Number of protein chains: 2
Amino acid sequence: MDKLRKHIEQVISLTDAEFDHVKSFFTLKKARKNQYLLNEGDEAKHEFLVLSGIYKVFYVDAQDREYIVQFARENWWMSDYEAFFRQKAAGMYIECILPGEVLYSTLETRERLSKELHKMEHFFRVKLTNGYVAQQQRIKLLLSSTPQQRYEEFSKLYPDLLQQVPKKLIAEYLGVSRETLSRLYAG
Amino acid sequence: MDKLRKHIEQVISLTDAEFDHVKSFFTLKKARKNQYLLNEGDEAKHEFLVLSGIYKVFYVDAQDREYIVQFARENWWMSDYEAFFRQKAAGMYIECILPGEVLYSTLETRERLSKELHKMEHFFRVKLTNGYVAQQQRIKLLLSSTPQQRYEEFSKLYPDLLQQVPKKLIAEYLGVSRETLSRLYAG
DNA sequence: ATTATCGTGTGATTTGAATCACACTTTTAA
DNA sequence: TTAAAAGTGTGATTCAAATCACACGATAAT
């Protein structure tokens with residue numbers, strides 16, 4: 001559980017009592033390889049903070065093609081946030097790629113902690129700000145760049161993921177076919 | 001200035017004194033057609049709340065192609081947020097398409113109001129949450145859909161913009177060529 | 001140990017959208 | 001009021017990436 005405290009204290013500082021209170025809203029869960037933490041159609045009740053392992057957040061289109069919205073590793077939050085924030089049925093899946101542990105909690109937790117502790121609302125705002133900026137960059141990448149540029153950008157941002165996850169999945173993240181991606185670092 | 005109060009009070013409520021305080025950090029600016037509110041290379045000092053008019057937030061690639069990241073109308077916030085939050089030089093432009101008025105303030109304002117008034121931090125968190133969800137939807141659209149689907153989705157979300165802004169700009173928002181977009185509603 | 005299944009490279013073919021090119025209309029500016 | 005610029009439709013051509021097809025080694029399952 002100490003990882004949670006460290007994670008939060010990268011942004012704000014908490015007394016022991018405050019942390020104990022915060023902690024009480026989170027539950028630990030082990031994830032095995034290929035295990036699903038969220039299924040399309042489920043109520044998106046939880047958000048997850050990754051302690052270890054690698055996960056993919058993805059959706060499937062009418063032609064059964066998969067698209068990865070996010071890879072998540074240590075210290076990343078993940079959920080189908082569209083569904084989570086609006087408390088609707090999930091349109092996405094979360095699957096464990098490399099085994100590890102996550103903490104999970106609910107929207108109620110987020111709102112309640114934000115209300116009770118100004119500091120925690122600040123924490124969530126900062127996190128959201130970072131996420132917003134990251135998404136903006138992703139939008140720009142998808143709008144204007146060639147497969148080549150997307151691959152290079154990805155390699156720069158996530159050199160370790162490049163090693164740890166199958167190229168096939170990276171293609172699904174970049175919005176490029178497996179074959180095209182393969183030819184990028186061959187030619 | 002009453003529009004600012006209304007805008008904020010859609011999320012939280014403020015006393016007169018509180019609002020006066022908040023108000024004091026914002027400055028009114030009229031925008032004429034084709035006027036630039038932000039230029040690439042400028043320090044991204046300001047964020048804008050649109051009171052009236054229509055604006056586009058866009059960037060230009062090495063081949064001089066334009067890509068629109070956001071259209072903004074009444075009650076929308078806009079900036080090059082990547083640059084604004086990190087206080088770096090802007091990589092984007094903001095241009096007025098239809099004349100109107102905006103309010104602007106700084107990152108310092110946002111941080112200070114958030115610190116002074118828990119309610120205001122809540123306000124910004126809620127706004128950020130909404131923006132995050134909207135961007136998530138945009139990413140999904142760019143990742144998986146055909147030009148046809150993007151156009152249909154856009155028509156559903158912003159039927160009024162469809163009337164008010166040149167199709168050429170809509171093409172730049174959707175990441176499709178002008179000609180392809182034109183053929184979508186002809187064929 | 002032996003079969004499946006998965007991940008990956010690479011060639012051949014197809015295809016959808018970009019690009020190029022031009023006409024026509026509507027705004028905007030001199 | 002007249003010329004220039006911007007917005008838009010539509011055809012012909014090009015091209016980059018998707019798709020299809022197959023081979024092969026590495027995992028994973030029985």
Side-chain angles (χ1 to χ4, degrees), chain A residues 31-36 53-54 56 58 60-68 71 93 95-99 141-155 158 160-187, chain B residues 31-36 53-56 58 60-68 71 93 95-99 141-155 160-187:
Chain A
R32 305 186 57 235
K33 187 169 177 177
N34 300 322
Q35 184 180 351
Y36 281 66
I54 299 183
K56 60 172 179 173
F58 68 103
V60 178
D61 74 7
Q63 285 80 50
D64 259 321
R65 266 184 290 251
E66 292 189 14
Y67 300 89
I68 294 178
F71 287 113
Y93 301 85
E95 183 180 352
C96 175
I97 300 175
L98 282 184
L141 207 70
L142 289 174
L143 253 186
S144 63
S145 64
T146 62
Q148 174 82 51
Q149 291 170 309
R150 292 184 202 181
Y151 177 70
E152 284 166 7
E153 187 68 18
F154 185 89
S155 310
Y158 312 110
D160 45 334
L161 283 183
L162 215 59
Q163 309 304 120
Q164 293 176 291
V165 314
K167 313 285 187 202
K168 188 190 145 193
L169 296 186
I170 293 172
E172 287 172 20
Y173 180 87
L174 298 178
V176 182
S177 77
R178 213 203 80 227
E179 294 93 332
T180 297
L181 181 64
S182 165
R183 285 184 249 262
L184 284 181
Y185 41 78
Chain B
R32 305 184 58 235
K33 187 168 176 178
N34 299 322
Q35 184 179 350
Y36 281 67
I54 299 182
Y55 307 80
K56 61 172 178 174
F58 68 102
V60 178
D61 73 7
Q63 286 80 50
D64 259 322
R65 267 184 290 251
E66 291 189 14
Y67 300 88
I68 294 178
F71 286 114
Y93 302 85
E95 183 180 353
C96 175
I97 299 176
L98 283 183
L141 207 69
L142 289 174
L143 253 187
S144 63
S145 65
T146 64
Q148 175 82 50
Q149 291 170 308
R150 294 185 201 182
Y151 177 70
E152 283 165 8
E153 187 68 18
F154 185 89
S155 310
D160 44 335
L161 283 183
L162 216 59
Q163 308 305 120
Q164 295 176 289
V165 314
K167 314 283 187 203
K168 189 191 144 193
L169 296 187
I170 293 172
E172 288 171 19
Y173 181 88
L174 298 178
V176 183
S177 77
R178 214 203 78 227
E179 295 93 330
T180 297
L181 180 64
S182 165
R183 286 183 247 263
L184 285 180
Y185 41 77

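As the structure is a prediction and not an experimental result, all values here were calculated from the model. Chain identifiers are assigned alphabetically (A, B, ...) following the order of the sequence lines, protein sequences preceding nucleic acid strands; residue numbering begins at 1 within each chain.
A heavy-atom distance below 4.5 Å is not found between the side chains of A/Y158 and A/F71. B/I68 has its side chain within reach of B/L169: a pair of non-hydrogen atoms, C-beta onward, lies under 4.5 Å apart. Annotation: side chain of B/F154 is not in contact with side chain of B/L141 (no heavy-atom distance under 4.5 Å).
When the C1' atom of C/dA18 is taken as reference, atom CD of B/E172 falls 15 Å away, rounded to whole Å. Following rounding to the nearest Å, A/K168 (NZ) and C/dT10 (C1') show an atom-to-atom distance of 18 Å. Distance, B/Q63 CD to C/dC20 P: 12 Å, rounded to whole Å. B/R150 has its CZ atom 9 Å from the P atom of C/dA18, to the nearest Å. Rounding to whole angstrom units, CD of residue B/Q163 and P of D/dG7 are separated by 17 Å.
Between A/Y93 and A/F58, the ring planes lie parallel to each other; the angle is under 30°, not in the 30° to 60° tilted range.
Phosphate contact (OP1/OP2 of C/dT8, side-chain N/O of A/K167, threshold under 4.0 Å): absent. A close approach under 4.0 Å does occur between a side-chain nitrogen or oxygen of B/Y185 and OP1 or OP2 of D/dG9.
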Atom pairs under 3.5 Å, N or O on each side, protein against nucleotides 17-19 of chain D: can you list them with distances?
unit_1: D/dA18; atom_1: OP1; unit_2: A/S177; atom_2: N; d: 3.3
unit_1: D/dA18; atom_1: OP2; unit_2: A/S177; atom_2: N; d: 3.3
unit_1: D/dA18; atom_1: OP2; unit_2: A/S177; atom_2: OG; d: 2.9
unit_1: D/dA18; atom_1: OP2; unit_2: A/T180; atom_2: OG1; d: 2.3
unit_1: D/dT19; atom_1: OP1; unit_2: A/R65; atom_2: NH1; d: 2.8
unit_1: D/dT19; atom_1: O4; unit_2: A/R183; atom_2: NH2; d: 3.3

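Judged purely by atom type and a 3.5 angstrom limit, B/S182 has no side-chain atom pairing as donor or acceptor with the backbone of B/R178. Within the 3.5 Å criterion, the main-chain N or O of A/T146 finds a donor-acceptor partner in the side chain of A/Q149.
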Heavy-atom protein contacts under 4.0 Å, nucleotides 23-29 of chain C, coded B base, S sugar-phosphate only, - none: -----S-
Residue pair A/Y67, A/E172: steps toward the side-chain hydrogen bond (donor to acceptor under 3.5 Å, both in side chains) verdict: CA-CA 5 Å; A/Y67 300 89; A/E172 287 172 20; over 6 Å; no
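In summary, of the residues considered (B/K33, B/Q164, B/K56), a side-chain contact (heavy atoms from CB on, under 4.5 Å) with B/I97 occurs for B/K56 alone.
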